[in-house]
Amino acid sequence: MNKQIILIGLNHRTAGVEVREKFALTDVENFEQGLMAHCPVLECMALSTCNRVEIVAVARKVPARECMDAIVGYWAEACSGSPELLVENIYQYSDLDAVKHLFTVASSLDSMVMGEPQILGQLKDAYRSAVDKGTAKTIVNRLLHKSFSVAKRIRTETAIASSAVSISYAAVELARKIFGDLRPTRAMLVGAGEMAELAAMHLLRNGVKEIIIANRTLSRAKDLAESLGGEPIQIEAMPDRLHEVDIVISSTGSPVAVIKAKDVKAVLRKRKNKPMFFIDIAVPRDIDPDVNTLDNVYLYDIDDLKEVVDENMAQRQGEATKARAVVDLETETFGNWLNSLNIQPTIVDLVGKSEDVAMRELGKTLKKIGPVDDRTRNALERLVLSIAHKSLHEPICFLKRRTQEEGSAERFIDLARRMFNLDDESVPEDAHLDRKTASCAPEDIEQYIEISKKEQ
């Protein structure tokens with residue numbers, strides 16, 4: 001394999017919430033650029049969510065272990081954490097094992113809630129950011145685009161998402177189990193992001209009669225409140241309104257707790273110790289864990305939701321088996337593409353495709369002109385093959401020159417493979433709806449040539 005793909009991460013299975021919040025990446029863009037500057041990597045992309053951190057990188061010409069150690073060290077330093085603690089809680093993959101893991105993540109087979117759609121959107125956002133900052137290049141580009149197509153194929157060919165639930169859904173289910181009937185309750189969402197919006201929708205479906213939406217950006221709270229029929233407030237006003245609600249679901253991007261134990265003590269006095277239910281689905285956590293030591297308070301963090309989530313897993317295991325078979329097949333296909341980034345396989349494929357085209361066109365011509373003797377046929381074959389080979393001379397020389405230039409060979413080889421469709425990939429009709437499209441069927445090319453002749 002021409003380049004080594006490396007993936008290092010931690011998730012809800014390998015690390016508790018305390019570790020995940022310690023090593024969460026609060027500034028992914030700067031982290032990626034720092035990784036490129038301080039570690040032996042050619043490309044990289046990082047994803048940081050409440051349940052996982054994934055770092056994908058393409059190593060320079062160093063052993064995989066050396067590159068992995070450098071990434072782990074930089075990650076720990078960036079989070080002011082212990083490298084030893086990080087090593088205890090991470091997983092590390094290289095080459096096709098890394099590819100397979102990323103396909104599994106994109107397809108939501110590795111999520112706490114198997115089949116949930118949020119992870120794919122989060123991956124796309126992380127990829128766009130890496131592209132904008134220039135840290136995602138040929139291999140990461142291809143890897144992520146393939147991840148998206150694998151996820152789409154799995155959702156199309158299996159029922160993996162038919163009964164899927166989100167973390168937000170699981171949070172509301174837990175509230176329903178504790179309160180029984182949610183109709184008499186009032187709720188507050190702290191944060192107005194996607195997870196908060198999903199939680200609000202589930203609360204309303206379960207009959208919650210009033211929702212307060214507290215957010216740092218009031219305009220976002222207003223937008224969400226308008227669509228859901230809730231009341232928007234500035235997050236600074238949240239402590240003064242807590243006593244009005246029974247359920248608090250918090251999901252902000254704050255690096256520190258936004259709800260302190262001392263604040264909740266005052267709230268409980270106002271409520272005359274009427275029970276309160278807190279669900280913290282943020283990483284780092286939004287709610288001070290000491291809140292759970294207070295009487296008549298029930299605090300659950302994202303790890304506590306696993307029990308609710310597990311109830312939905314059994315029915316999806318059969319579909320997961322089908323999905324993993326797709327992942328295995330697509331991983332092998334990606335491995336073939338990686339190997340093709342060596343110059344020799346691409347030259348062989350280019351010549352082979354050119355010869356096939358030449359011989360097919362010769363066959364059509366011979367049918368039109370009728371029988372010819374063997375000498376003429378052999379001469380025609382030599383002619384069309386010679387034209388095919390000579391037409392590729394300059395492109396092949398160009399690719400060979402680029403193999404001598406570190407960092408540029410893969411880009412041009414990949415471009416050549418796509419231009420000549422050497423991997424026989426089908427392109428969806430809507431793949432480039434945002435660009436001007438042009439027909440490129442053979443008959444259209446012939447028509448263009450005829451028009452050009454007339455114009456000369």
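What you see is a predicted model, and the numbers here were worked out from it, not measured in a lab.
Considering every non-hydrogen atom in both Arg155 and Ser108, the closest pair reads NH2-CB, 4.3 Å. The two residues Ser251 and Asp286 make their nearest non-hydrogen contact at N-OD2, 3.4 Å. Scanning both residues, Glu381 and Leu362, for their nearest heavy atoms gives CG-CD2, 3.5 Å. Contact detail for Thr158 and Ala323: the closest heavy-atom pair is CG2-N, 4.1 Å. Taking every heavy atom of both residues into account, Ala59 and Cys67 meet most closely at CB-SG, 3.7 Å. Across Ala151 and Ala106, no two heavy atoms sit closer than the pair CB-O, 3.5 Å.
Taking the six-membered ring wherever Trp is involved, the centroid distance between the rings of Phe278 and Tyr300 does not fall below 6.0 Å.
Within the model, atoms CZ of Arg220 and CG of Asp223 stand 6.5 Å from one another, a figure rounded to the nearest 0.5 Å. Once rounded to the nearest 0.5 Å, the distance linking CD of Glu157 with CD of Glu319 reads 11.5 Å. Remark: Ile302 CD1 to Ile279 CD1 distance equals 11.0 Å, nearest 0.5 Å. If you take CG on Leu392 and OG on Ser354, they are separated by 4.5 Å, rounding to the nearest 0.5 Å. The CG atom of Leu42 sits 7.0 Å away from atom CE of Met36, with the distance rounded to the nearest 0.5 Å. Separation of atoms CG (Asn215) and NZ (Lys222) is listed at 12.0 Å; rounding is to 0.5 Å.
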TODO: Step by step, work out the side chain to side chain donor-acceptor pair (under 3.5 Å) result for Ser129 and Glu29.
DONE: CA-CA 7 Å; Ser129 175; Glu29 293 179 359; 3.1 Å; yes
Task: Worked verdict on Ile6 versus Gln92 for side chain to side chain contact (heavy atoms under 4.5 Å, CB included) - done: CA-CA 7 Å; Ile6 287 168; Gln92 303 182 63; over 6 Å; no
Open item on the list: Show, in sequence, the C-alpha distance, side-chain angles and deciding distance for Asn89 and Thr14, and conclude whether the side chain to side chain donor-acceptor pair (under 3.5 Å) test is met.
Closed with: CA-CA 5 Å; Asn89 290 276; Thr14 67; 5.9 Å; no
Open item on the list: Under the criterion side chain to side chain contact (heavy atoms under 4.5 Å, CB included), I'd like the reasoning laid out for Met114 against Ile160: C-alpha separation, chi angles, the key distance, then a yes or no.
Closed with: CA-CA 7 Å; Met114 187 184 297; Ile160 193 70; 3.5 Å; yes
Task: Test log, rule side chain to side chain contact (heavy atoms under 4.5 Å, CB included), inputs Asn30 and Gln33 - done: CA-CA 5 Å; Asn30 282 336; Gln33 293 179 324; 3.8 Å; yes
TODO: Give the intermediate values and the outcome of side chain to side chain contact (heavy atoms under 4.5 Å, CB included) for residues Met68 and Ile8.
DONE: CA-CA 8 Å; Met68 288 178 174; Ile8 302 174; 4.0 Å; yes
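Under a 3.5 Å cut-off, the side chain of Arg52 and the backbone N or O of Asp110 do form a donor-acceptor pair. Distance alone, capped at 3.5 Å, is enough to place a donor-acceptor pair between the Thr49 side chain and the Asn51 backbone. Thr217 places no side-chain N or O within donor-acceptor distance of the main-chain N or O of Ser219, the cut-off being under 3.5 Å. Within the 3.5 Å criterion, the main-chain N or O of Arg216 finds a donor-acceptor partner in the side chain of Gln234. A donor-acceptor pair is defined here as one N or O able to donate and one able to accept, closer than 3.5 Å; no such pair exists between the side chain of Ser107 and the backbone of Thr104. One N or O on the side chain of Thr333 and one on the backbone of Leu329 form a donor-acceptor pair closer than 3.5 Å. Glu21 places no side-chain N or O within 3.5 Å of a backbone atom of Val283 that could act as its donor or acceptor partner. The main-chain N or O of Val372 is never found under 3.5 Å from a side-chain atom of Thr376 such that the two would form a donor-acceptor pair. One N or O on the side chain of Lys22 and one on the backbone of Ser80 form a donor-acceptor pair closer than 3.5 Å.
Counting only heavy atoms from C-beta outward, the side chains of Glu355 and His389 approach each other to under 4.5 Å. Between Ile249 and Asp280 there is no side-chain heavy-atom pair separated by less than 4.5 Å. For the pair Arg60 and Val41, the minimum side-chain heavy-atom distance is 4.5 Å or more. Looking at heavy atoms from C-beta onward, Val87 lies out of side-chain contact with Glu84 at the 4.5 angstrom threshold. Put simply, the side chain of Glu332 does not reach to within 4.5 Å of the side chain of Leu96, judged on heavy atoms. In this structure, the side chains of Val56 and Cys44 stay at 4.5 Å or more apart for every pair of heavy atoms. Two residues are said to be in side-chain contact when any heavy atoms from C-beta on lie closer than 4.5 Å; Leu385 and Met359 meet this criterion. The shortest side-chain heavy-atom distance between Phe103 and Val326 does not fall under the 4.5 Å cut-off.
Checked for salt-bridge contact, Arg65 and Asp69 meet the test: a charged N lies under 4.0 Å from a carboxylate O. For Asp374 and Arg377, the salt-bridge test fails: no basic side-chain N is under 4.0 Å from an acidic carboxylate O. A salt bridge does not link Lys133 with Glu32: every distance from a Lys NZ or Arg NE/NH1/NH2 to an Asp or Glu carboxylate oxygen is 4.0 Å or more. Using a 4.0 Å cut-off between charged side-chain N and carboxylate O, Asp414 and Arg418 make a salt bridge. Under the 4.0 Å criterion applied to side-chain N and carboxylate O atoms, Asp290 and Lys260 are not assigned as salt-bridge partners. Using a 4.0 Å cut-off between charged nitrogen and carboxylate oxygen, Asp303 and Arg20 count as a salt-bridge pair. A salt bridge between Glu43 and Lys137 is absent, with no side-chain N of the basic residue lying under 4.0 Å from a carboxylate O of the acidic one.
Exactly one of Lys152, Lys146, Arg153 qualifies for a side chain to side chain contact (heavy atoms under 4.5 Å, CB included) with Ser149. That residue is Lys146. Paired with His145 under the rule ring pair (Phe, Tyr, Trp, His ring centres under 6.0 Å), one option of Phe334, Trp337, Tyr127 passes, and it is Tyr127.
In this structure, the ring pair (Phe, Tyr, Trp, His ring centres under 6.0 Å) partners of Tyr74, at least two apart in sequence or on a different chain, are Phe31, His38. Residues that satisfy the side chain to side chain donor-acceptor pair (under 3.5 Å) test with Tyr93, not counting sequence neighbours, are absent from this structure.
Legend: ring-ring contact (aromatic ring centres under 6.0 Å, His included) pairs involving residues 40-62, not counting sequence neighbours: none detected.
Tyr298 OH: 12 or fewer foreign heavy atoms inside a 6.0 Å radius.
For Lys353 and Phe420, the positive end is not near the middle of the six-membered ring at less than 6.0 Å and at most 45° from its axis.
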